[in-house]
Amino acid sequence: MTLLLAAACSDAITPTSPAPGDLALSHGRGHGDLSDVGLELVAAGFTQPVGIVNSGDDSDRLFVIDQVGRVMIIREDGTVAPTPFLDVSAKIVPLNRFYDERGLLGLAFHPKFEENGKFYVYYSRPYAAGEPRPAPGYNHVARIAEYRVMLGNPDLADPTSERVVLEVDKPQSNHNGGTIAFGPKDGYLYISIGDGGGANDVGLGHVEDWYAVNRGGNGQDVEANLLGNILRIDVDGARPYAIPRDNPLVGKPGRDELFAWGFRNPWRFSFDSKGDHDLIVGDAGQNRWEEVSVAVNGGNYGWNVKEGRHCFSTATPNADLPSCPNAVPANNGTATPAGPLIDPVIEYRNLKQGAVNGGIGLVVVGGNVYRGSDVKPLKGLYVFGDWSDSFGGPPTGELFAATPGGPDWPFRKIVLATSPDGELHERVLGFGEDRHRELYLTTTSLSGPAGTTGKVFRFIDVTRHHDDDGDQ
């Protein structure tokens, strides 16, 4: 973490420069042989499985988060339970079947789930008739809710047990973040929430901040709302929740729930299950740059002063500004603390810049550091993906492996040994681990929450897999 902060503080002004991540991808440095990595289909028939988690108990069940409002169980024998573990489809906003970023987005089991049966979900609910909104035109409410498992049936949640923990008004339908997870070291609940939606971090529900060059926005504001941040709360300390005493803004101006800020749309994050348990966040870019960052307590990740490592302009979002601040100045006239804008550890150009410029896909999807034992080529690597290269046409999601360490993590594409042409031919939605730290991937063929093309895959080492099957 010290290296990251030192790099971010090195200059008062950040010049626009080539992306180190692009060079790392093109040259593939820092990796061993990934040619034996493949995928094995575990289950299919879902709609939009945006993630998969295990419950932390001694079962081998996997819980699939389907955006349309259902949590489904993949049982220990590999079959999918016909009855949802939880169904909140009647509580979420009506979804656009062609594309939508709302719905059931996150699931996290309490660290003491075996004892208390508690788990938590993140979903998008509509405003009730006559319910006040911060301003006309607000789109929906992001809700974090607690549930309990049904007594006597561990495969069913008690639908009457819902307790609302936290709600956040959302001005637009997109940029919802949506991951929730308990910190492995502190037991607190972490929540990712995007900047509110739209483009440039401006418009309805987007406030002014300390950086006068760009209009907006919520990413750099720490007091007006909870948008554009990673939150951290204590669900055990009080009702509806307590604030951890070491949250960075406790006793200072700003919202006490904040852990880190300066994000655009931190769609998927994860904790490394070993080592320092780094919090690794995939943050979806806008017109030019996709990024992955290591989030630390009180860290500011730059949006909308920067997009990735590059100087962003709300006036000309298709072109980097020649320079911008590399830190929030002291006495900036707002509650945003002075300090560095921390650059991502992974960055790549998206296809809005064009394939001729080295663009890759449209949206980064944060993954996991592989800590299992079955896929030796991935040991210790951060596996992540890109959603697809277009909203229409065939799905073209891609998978990558990066070597953690330092301010710039080298990465390269995973060419799948289980695919005739090495390609995935799916849209990447999310990643997850089982209780043995083996890695899973969730995908779909469609752009929106419709149909039954959603799948769950397991990462495999094809050489070991063939040996296990007796196929030499």
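Numbers for residues simply follow the sequence, beginning at 1. Not measured: the values here are computed from a predicted model.
In this structure a side-chain-to-backbone donor-acceptor pair under 3.5 Å is present from Q172 to L204. H277 places a side-chain N or O within 3.5 Å of a backbone atom of D272 that can act as its donor or acceptor partner.
Judged purely by distance below 3.5 Å, without hydrogens or angles, the side chains of N300 and Q220 pair a donor atom with an acceptor atom. In this model, a donor atom of one side chain and an acceptor atom of the other lie less than 3.5 Å apart for K306 and N326. Checking Y370 against E433 by side-chain atom types alone, no donor-acceptor pair falls below 3.5 Å. Between H310 and E291, the side chains place no donor N or O within less than 3.5 Å of an acceptor N or O (distance only, hydrogens not considered). Side-chain polar atoms of T396 and D389 form a donor-acceptor pair below 3.5 angstrom. Remark: the T179 side chain and the R268 side chain contain an N/O donor-acceptor pair separated by less than 3.5 Å. A donor-acceptor contact closer than 3.5 angstrom links the side chains of H175 and D195. Side-chain atoms of N200 and Q286 include a donor-acceptor pair closer than 3.5 Å. A donor atom on one side chain and an acceptor atom on the other are not found under 3.5 Å apart for R102 and S124. A donor-acceptor pair shorter than 3.5 Å can be found between the side chains of R232 and N247.
Using a 4.5 Å heavy-atom cutoff, the side chains of W289 and R349 are in contact. Side-chain atoms of T334 and D221, non-hydrogen and from C-beta on, never get closer than 4.5 Å to each other. Inter-residue side-chain proximity for L429 and T443 is flagged as unmet; no heavy-atom pair is nearer than 4.5 Å. Taking the side chain as every heavy atom from C-beta outward, N225 and N218 approach each other to under 4.5 Å. Between S161 and K118, the closest side-chain pair of non-hydrogen atoms is not below 4.5 Å. Residues Y120 and L107 are not in side-chain contact: their nearest non-hydrogen atoms beyond the backbone lie 4.5 Å or more apart.
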Query raised in the report: Could you walk me through whether L399 and L441 pass the side chain to side chain contact (heavy atoms under 4.5 Å, CB included) check?
Result: CA-CA 10 Å; L399 302 173; L441 169 71; 4.0 Å; yes
Query raised in the report: For Y382 and F411, what are the C-alpha separation, side-chain angles and deciding distance, and is it a ring-ring contact (aromatic ring centres under 6.0 Å, His included)?
Result: CA-CA 9 Å; Y382 176 70; F411 69 98; 9.9 Å; no
Report task. Evaluate the criterion ring-ring contact (aromatic ring centres under 6.0 Å, His included) for residue pair F271 and Y190; output intermediate values, then yes/no. Result -> CA-CA 10 Å; F271 287 96; Y190 291 71; 4.9 Å; yes
Requested in this report: Would you sort out whether V71 and V64 count as a side chain to side chain contact (heavy atoms under 4.5 Å, CB included), showing the intermediate values?
Outcome: CA-CA 5 Å; V71 177; V64 181; over 6 Å; no
Report task. Please assess Y99 against F391 for the test ring-ring contact (aromatic ring centres under 6.0 Å, His included), listing each intermediate value before the final yes or no. Result -> CA-CA 8 Å; Y99 180 76; F391 287 86; 5.0 Å; yes
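Separation of the F312 and W303 ring centroids falls under the 6.0 Å cut-off. Here F63 and F119 keep their ring centres 6.0 angstrom or further from each other. Aromatic ring centroids of W267 and F263 lie 6.0 Å or more apart.
Counted within 6.0 Å of CD on Q353, heavy atoms from surrounding residues, nucleotides or ligands total more than 12; the atom is thus considered enclosed. Few gaps surround OH on Y127; more than 12 heavy atoms of other groups in view lie less than 6.0 Å from it. Under a cut-off of 6.0 angstrom, the local environment of CZ in R215 is sparse, with at most 12 non-hydrogen atoms contributed by other residues, nucleotides or ligands.
Within the model, atoms CD of E114 and CG of D57 stand 5.0 Å from one another, a figure rounded to the nearest 0.5 Å.
Taking both residues in full, the closest heavy atoms of P159 and A157 are given as CD-O, 3.1 Å, listed atom of the first, atom of the second, then distance.
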